[in-house]
Amino acid sequence: MKTRFLRANYFVWVVVPVAVYLAYLTFGLPHIIWSYEYRQVGPASSANPFAGRYYTRCTYVGPYGSFSTSAKNGKCGLVAFFKKEPG
């Protein structure tokens, strides 16, 4: 019986790095929230530390520097993905 040195099973692991690289090209690298701006909403919002918050601007930092974006529907995510800016 002849031993096969090249089998398809030996190259299955290549799928994971290729998928990670394609995700990087599509979405960019993760950046974590650094700061945010918000408006307090609700009754007596200036005196109530537990009043609701409506976020207006989110700033993220990561490998490509800092990015400021408008909040989506009054909320900021903990992590956002950004691509490197040209230039």
Side-chain angles (χ1 to χ4, degrees):
M1 184 168 179
K2 189 175 181 183
T3 304
R4 291 183 59 188
F5 290 105
L6 294 175
R7 291 185 145 178
N9 293 344
Y10 296 154
F11 299 100
V12 171
W13 65 271
V14 173
V15 172
V16 173
V18 169
V20 169
Y21 182 69
L22 290 176
Y24 160 71
L25 291 178
T26 305
F27 301 110
L29 290 178
H31 290 63
I32 193 163
I33 192 155
W34 183 256
S35 66
Y36 46 80
E37 296 174 13
Y38 63 90
R39 283 190 329 238
Q40 287 189 329
V41 293
S45 60
S46 62
N48 184 0
F50 300 106
R53 292 180 176 180
Y54 185 84
Y55 294 94
T56 57
R57 181 162 283 309
C58 314
T59 302
Y60 298 91
V61 295
Y64 294 143
S66 64
F67 292 87
S68 290
T69 62
S70 297
K72 293 180 179 105
N73 296 324
K75 297 184 179 184
C76 293
L78 294 176
V79 176
F81 291 84
F82 295 100
K83 292 182 179 180
K84 190 172 188 177
E85 292 180 346

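In this text the structure is predicted, and so the values were computed from the model without any measurement. Note that these values count all heavy atoms, side chains included, but never hydrogens, waters or copies made by symmetry.
Residues passing the side chain to side chain contact (heavy atoms under 4.5 Å, CB included) test with V79 are P30, F81, sequence neighbours excluded. Residues satisfying the side-chain hydrogen bond (donor to acceptor under 3.5 Å, both in side chains) criterion with S66, sequence neighbours excluded, are absent altogether. Applying the side-chain hydrogen bond (donor to acceptor under 3.5 Å, both in side chains) criterion to T69, with sequence neighbours excluded, gives no partner residue. I32 meets the side chain to side chain contact (heavy atoms under 4.5 Å, CB included) test with V61; sequence neighbours excluded.
To the nearest 0.5 Å, atoms CD (Q40) and CZ (R53) are separated by 6.5 Å. For the atom pair T56 OG1 and Y38 OH, the distance stands at 10.5 Å (nearest 0.5 Å).
Nearest heavy-atom pair across G74 and Y54 is CA-CE1, 3.4 Å. Across S68 and R57, no two heavy atoms sit closer than the pair C-NH1, 3.7 Å.
Ring-plane geometry between F82 and Y60 is classed as tilted, the angle between the planes lying from 30 to 60 degrees on a 0 to 90 degree scale.
Annotation: side-chain hydrogen bond (donor to acceptor under 3.5 Å, both in side chains) contacts involving residues 70-83, sequence neighbours excluded, are absent.
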Check residues 14-27 and write down every donor-acceptor pair under 3.5 Å in which the side-chain atom is one partner and the other belongs to a residue at least two apart or another chain.
{"unit_1": "Y24", "atom_1": "OH", "unit_2": "Y64", "atom_2": "OH", "d": "3.2"}
{"unit_1": "T26", "atom_1": "OG1", "unit_2": "L22", "atom_2": "O", "d": "2.8"}

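Y55 and W34 sit in two unconnected hydrophobic clusters of ILVMFWY residues. Membership requires side-chain heavy atoms under 4.5 Å apart, directly or through other members.
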